[in-house]
Amino acid sequence: MPRIKVSTSKNSKSYSIIEDYCRNGKRTTKIVDYIGNYSKVMELAKKENLDINTWLKKYLIQYKKEHNIPIEFNEVIIKKYSNKLIPKNVLNRFNIGYLFLKDIYYSLKIDKIIKTVSKKYKFEFDLNEVLTNLVFSRIIYPSSKLKTYELSKNFIETPKYNLEHLYRGLTYLNNELDYIQKEIYNNSKSVINRNTRIIYFDCTNYYFDINEEDNLRKYGKGKDHKPNPLVGMGLFMDGNGLPIAMNIYPGNESETKHLIPLQEKMEKDFALFNKKTIICTDAAMCTDEIKQFNIKDGKAFVITQSIKKLKEEYKEEVFEDSNWRILGDLSKTYNLSDILNDEEQIKKHYETLFYKIVQTETAHVVQDLIVTFQIKYKDYLRNVRNGQIERARKKISSTNKGDKIKLSVNPNDFRRLIKEEIKELKTKKSKKLKEGNSFNKEEKTQYFYSYSIDQDKIKEEEKYDGYYGITTNLNSDIEEILKISKNRWEIEESFRILKTDFDSGTIHLSREDRIKAHFLTCFISLLIYRILEYRLNYKYTNTQIIDKLKEMNVYEEKGNGYSPSYVRDDLTDDLHEIFGFRTDYEIISYENFKKIFTQVKK
């Protein structure tokens with residue numbers, strides 16, 4: 001069968017496909033296809049955003065297809081008995097979906113990074129095995145550490161460590177948290193293209209179901225406004241949507257406090273944030289200090305700006321109906337009032353994105369405020385609010401008179417639209433006097449809560465419907481700046497994957513070092529998963545990919561090998577073609593699985 005051969009000399013390396021043949025009764029090999037030297041192959045691989053090994057596997061598969069190389073079918077007869085019980089307490093069904101994740105894990109050389117960590121601390125258990133199981137289980141079997149330990153026995157490569165090793169391993173991982181992230185990032189550059197011209201940053205919160213705070217888990221202002229101690233996570237992502245690094249900080253600290261120190265650290269350790277780097281983040285980071293830092297040495301920023309928080313002089317210019325433009329057409333300006341008062345114009349421009357540029361400045365930074373307006377976006381926000389108004393009405397009508405409603409300032413909570421008033425109710429009660437038959441009327445005042453829809457608040461919010469603001473010092477095409485800002489959804493999607501698909505918020509840990517290590521394993525899982533999405537050319541949804549990896553099980557036929565017990569489809573075909581091995585034959589021998597185990601570690 002054809003296979004790849006790597007020929008190495010003193011100054012070069014080349015690749016070819018060889019086949020076995022017999023000459024004079026002796027078995028030898030011959031080159032059937034010369035692929036090229038290292039530089040040529042690396043260039044070809046980069047064009048397809050693949051590492052060399054993955055590209056070579058793909059090339060070999062294509063060669064076999066083009067040359068119609070037949071597959072030899074080996075018949076395997078398995079005997080089953082209708083009156084024979086299966087063995088008791090014997091697991092014979094195993095997951096092999098994690099092998100594709102393992103291939104990426106080893107291409108990132110994380111095993112070598114962990115080997116360095118292990119040598120430093122000189123412990124006896126296999127930390128790499130602990131980490132691989134934590135990372136793959138986070139994607140396939142997201143659960144607590146105890147449950148992860150149990151479920152990882154479902155992998156075809158059964159773990160050999162014990163539960164104590166898992167918890168001890170978290171401590172060592174936390175000790176080297178920065179080193180591990182830095183090395184993974186450096187290694188990733190040879191695996192996949194890292195677009196660090198644009199770097200995205202955002203933060204999220206994780207809540208803990210505890211009553212007392214500690215040094216890390218603090219009571220603070222969370223995005224979900226829950227009354228629980230929390231921790232914050234800051235995440236950096238490159239322009240291709242791939243995670244770069246993360247940071248965990250106490251829940252009572254402002255996220256704005258951490259961006260500049262993290263940028264300085266990444267500039268030093270990761271060699272990022274050079275003269276051409278653009279930082280893109282949300283309105284929470286729209287501070288003078290952050291902007292001032294990100295104009296130094298030619299850096300640039302693209303930061304979301306809340307229109308509500310603008311100075312009045314800038315608001316007046318934003319809400320001025322004149323001087324609006326359409327992307328790609330600098331020759332004409334539009335008046336929004338003329339369009340919004342004409343039904344035909346509304347239909348014509350329903351999805352048109354209008355924009356204007358307003359020159360603004362902070363205490364130390366002169367910047368452009370790019371404001372966009374879209375009728376479709378305006379209607380979307382009003383439809384959302386109308387639904388919230390209806391919920392607010394139902395809440396008011398279902399509340400007993402005098403009872404208190406818990407209000408909210410959360411901009412996504414319908415209760416912000418409820419207006420609370422305290423009203424007086426005066427009652428008079430007749431009281432007979434002791435002398436004679438005369439009566440005295442005693443007046444009593446009661447206070448109660450009254451609720452109604454806050455029309456003033458609704459009117460105020462409606463002023464901003466359809467508008468969106470971005471501040472930047474970038475001297476570039478408007479369309480490019482808007483595209484940079486629009487792609488910020490990728491980091492929000494990463495948080496959604498972490499919290500929903502990976503269930504990263506289920507944390508049954510109390511020690512600070514182990515909590516931070518937990519988030520490190522979640523971060524590594526996210527990076528590996530995002531690379532998998534990239535290699536699959538974003539053809540499939542998160543649910544499709546994760547469910548398929550979980551579904552990819554094999555059944556052990558004792559003494560013969562393993563038979564697949566999953567549905568073969570386009571996704572499994574793509575996985576096998578991209579990674580260069582197959583698990584979808586009717587039966588896979590023990591020997592072939594050993595070869596796969598070896599292959600994914602290369």
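Nothing fancy with the numbering, it's 1 onward along the sequence.
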Taking Asp209 first and then Arg217, would you say they form a salt bridge - that is, a charged N and a carboxylate O separated by under 4.0 Å?
no
Asn128 side chain reached by Tyr105 side chain, heavy atoms, under 4.5 Å:
yes
Any heavy-atom pair between the side chains of Asn247 and Phe201 that's under 4.5 Å?
no
Asn240 and Tyr534: side-chain donor and acceptor closer than 3.5 Å?
no
Qualifying salt bridge (Lys or Arg N to Asp or Glu O under 4.0 Å) pairs, either residue in residues 339-362, two or more places apart
Glu351-Lys376
Can you sort out the partners of Glu317 under salt bridge (charged side-chain N to carboxylate O under 4.0 Å, His left out), two or more places apart, ordered by chain and number?
none
Less than 4.0 Å between a side-chain N and a carboxylate O, is that true for Arg416 and Asp454?
no
Centroid-centroid under 6.0 Å between Tyr206 and Phe519 rings
yes
According to ring-ring contact (aromatic ring centres under 6.0 Å, His included), does anything in residues 368-388 pair up with another residue at least two apart or in another chain? List the pairs.
Phe373-Tyr467
Looking only at heavy atoms, what is the nearest atom pair of Asp288 and Ala363, with distance?
OD1-N, 3.4 Å
Side-chain contact test, heavy atoms from C-beta onward, threshold under 4.5 Å: evaluate it for Cys203 versus Met285 and give yes or no.
yes
Does a donor on one side chain and an acceptor on the other come within less than 3.5 Å for Gln367 and Thr360?
yes
Which residues pass the salt bridge (charged side-chain N to carboxylate O under 4.0 Å, His left out) test with Arg530, not counting sequence neighbours?
Glu490, Glu533
Does this structure show an ion pair linking Lys218 with Glu253, if we count only N-O contacts that are shorter than 4.0 Å?
no
Restricting to pairs with a member in residues 184-195, which pass salt bridge (Lys or Arg N to Asp or Glu O under 4.0 Å), not counting sequence neighbours?
Arg194-Asp238
Return the set of residues passing salt bridge (charged side-chain N to carboxylate O under 4.0 Å, His left out) with Glu492 (not counting sequence neighbours), or none when no residue passes.
Arg488
Closest non-hydrogen contact found for Pro142 with Phe502 is CB-O, 3.2 Å
